[in-house]
Amino acid sequence: MQFNKILIANRGEIALRIIRTCREMGIKTVAVYSTADRESLHVRFADEAVCIGPPSSAESYLSIPRIMAAVEITNADAIHPGYGFLAENAEFAEVCGEYGIKFIGPTAEQIRKMGDKITAKETMVKAGVPVIPGSEGLVKDLKHGLKSAKEVGYPVIIKATAGGGGKGMRVVWEEKDFENAYSMARNESKASFGNDGVYIEKFVEEPRHIEFQIAGDQFGTVVHLSERDCSIQRRHQKLVEESPSPFMTDELREEMGNAAIKAGKAINYEGVGTIEFLVDKYRNFYFMEMNTRIQVEHPVTEEVIDHDLIKEQIKIAQGEPISGKNYYPTLFAMECRINAEDPFHGFRPSPGRITSFHSSKGHGVRVDTHVYAGYTIPPYYDSLIAKLICRARTREEVIRKMERALDEFIIEGVKTTVPFHQRLMKDPNFREGNFNTSFLNDFDLKA
Ligand code: MV4
């Protein structure tokens, strides 16, 4: 059964990315948009478009009733949520089911199991996937927390069970600082997620963030599509992703790939997803969290395995079986996130009108973007302007190509992260593949 019409519950480059694949598959598309996005390309390129509200996300892209109204008007038979917004909202997946609409992604139950970090961790322990040593479940009170931290051994990290992506986290180096950090972590969790449940883990110093792309179908087959190294990030915002990881070995990929498959099988995962691992300097790896959505950096994997991941998502949602084989990189790829931010002033957002725009081109260069000359980046959503993805036969060639592509990218009217990437590509340690998640803490753009 092929879908007749897919509604894309998203905006920006990912909405365009999904429309492209739908067109290639002969599936009709519906765009939804807020009044701030009237002039967006996703509105133009979709077969139909429905305005769902004012600029604020809460009243547009995050509003389940408004999106379901657009589904009813247009008779779409499936929804692609993209990333962000409602992509990992279990209630939304459930409502789609009640309307008889296929949510292109995992089930509400699968989203919930991975959304609660303690439940996710317990599931991984049962499945035999390595996790970071820590408290058994929720910390009940201060006394229990102090006891757990002592058993685990300082430094420890306190994490929110409802969290992910860094919110509500506190590192504690010594026992005397525990009480204060514990109350801060709980308050922040309560304020951010309406849930003050926290747990404790051994703090892994200067780890790499290496994630495995997986795919599972409705028949229980789960495979991996190799890794992406996402260690180059600032305040939990990824800036560069690449595959294969310069830290990877064939043996480690086998081990981590198998662990990622186990993780997916443990919840009978349906769809494409990502298993995030922390990897220490000895190449010990630990499950960190699972993302139950397509991710911003998916093109890196698409380039190294030469496969369309959005097409894979749609086929899985249509009930097609996937082949049982894993995918291994045959090339090297890297993605630089070009954001409307000023890297010389703490990466502060720089929304506004793009007066001139010339995207890099040429062999091995891919640019995923929704912007054009004259387009105005609204201040209401994320600041992503474009994803610049390069691929080549070696990592060194990728970096040289990226330098060339960054040099020819013209974006005027707003500040961008291009100068940051240009500096990064010249850094000897980066070029050597010698970096971890702390790399940008002491990276000086002006040096
Ligand atoms: C950690 C850690 C060190 N030890 N857990 C950051 C976001 C959230 N997903 C988990 N994170 C971390 N968890 C233990 N036990 C270090 C981080 C971390 C990090 C992880 C991945 C990528 C970038 C990071 C930046 C700072 C801290």
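One-based numbering, in listed order, for ligands and for the atoms of each. No hydrogens, no waters, no symmetry mates; every other heavy atom, side chains included, goes into these values.
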S.K.: Any N/O of His236 closer than 3.5 Å to an N/O of ligand 1?
M.R.: no

S.K.: Specify the protein heavy atom at minimum distance from atom 10 (C) of ligand 1: its residue, its atom name, and the distance to 0.1 Å.
M.R.: Met288 SD, 3.5 Å

S.K.: Quick one: look at Ile132 and ligand 1, take heavy-atom pairs under 4.0 Å, and tell me if it's side chain, backbone, both or neither.
M.R.: side chain

S.K.: Can Arg366 and Glu302 be counted as an ion pair, charged N to O under 4.0 angstrom?
M.R.: yes

S.K.: Tell me, which protein residue and heavy-atom name are nearest atom 2 (C) of ligand 1, and how many Å apart are they?
M.R.: Leu278 CD1, 3.5 Å

S.K.: In terms of ring plane angle, is the pair Phe212 and Phe277 parallel, tilted or perpendicular, where the classes change at 30° and 60°?
M.R.: perpendicular

S.K.: Does some non-hydrogen atom of Lys159 fall short of 4.0 Å from ligand 1?
M.R.: yes

S.K.: Check whether any side-chain heavy atom of Lys387 sits under 4.5 Å from a side-chain heavy atom of Val296, and report yes or no.
M.R.: yes

S.K.: Between Met288, Glu289, Met114, Lys262, which is the residue that forms a side-chain contact (heavy atoms from CB on, under 4.5 Å) with Met124?
M.R.: Met114

S.K.: Around atom 25 (C) of ligand 1, find the nearest protein heavy atom and jot down its residue, atom name and distance.
M.R.: Gln233 NE2, 3.3 Å

S.K.: Lys202 to ligand 1: N or O pair under 3.5 Å?
M.R.: yes

S.K.: Can you confirm whether the side chains of Asn291 and Thr274 place a donor and an acceptor under 3.5 Å from each other?
M.R.: no

S.K.: How far is atom 3 (C) of ligand 1 from its nearest protein heavy atom, and which residue and atom name does that atom have?
M.R.: Val204 O, 3.2 Å

S.K.: Using a 4.0 Å cutoff against the non-hydrogen atoms of Met169, which atoms of ligand 1 qualify?
M.R.: 6 (C), 7 (C), 8 (C), 10 (C), 11 (N)

S.K.: Will you find, in the side chains of Thr417 and Asn339, an N or O donor that is under 3.5 Å from an N or O acceptor?
M.R.: no

S.K.: Got a second to check how far Ile104's CD1 is from Lys315's NZ, nearest 0.5 Å?
M.R.: 13.5 Å

S.K.: Are any of the N/O atoms on Phe203, whether in the backbone or the side chain, positioned under 3.5 angstrom from an N/O atom of ligand 1?
M.R.: no

S.K.: Among all the protein's non-hydrogen atoms, which is closest to atom 7 (C) of ligand 1, and how far away is it?
M.R.: Gly166 N, 3.5 Å

S.K.: Short N/O distance, under 3.5 Å, between His209 and ligand 1?
M.R.: no

S.K.: When you measure from atom 9 (N) of ligand 1 to every protein heavy atom, which one gives the shortest distance, and what is it?
M.R.: Glu289 OE1, 3.0 Å

S.K.: Are Ser245 and Arg228 side-chain neighbours, meaning at least one heavy-atom pair lies under 4.5 Å?
M.R.: no

S.K.: For the atom pair OG1 (Thr292) and CD1 (Ile275), what is the distance rounded to the nearest 0.5 Å?
M.R.: 10.0 Å

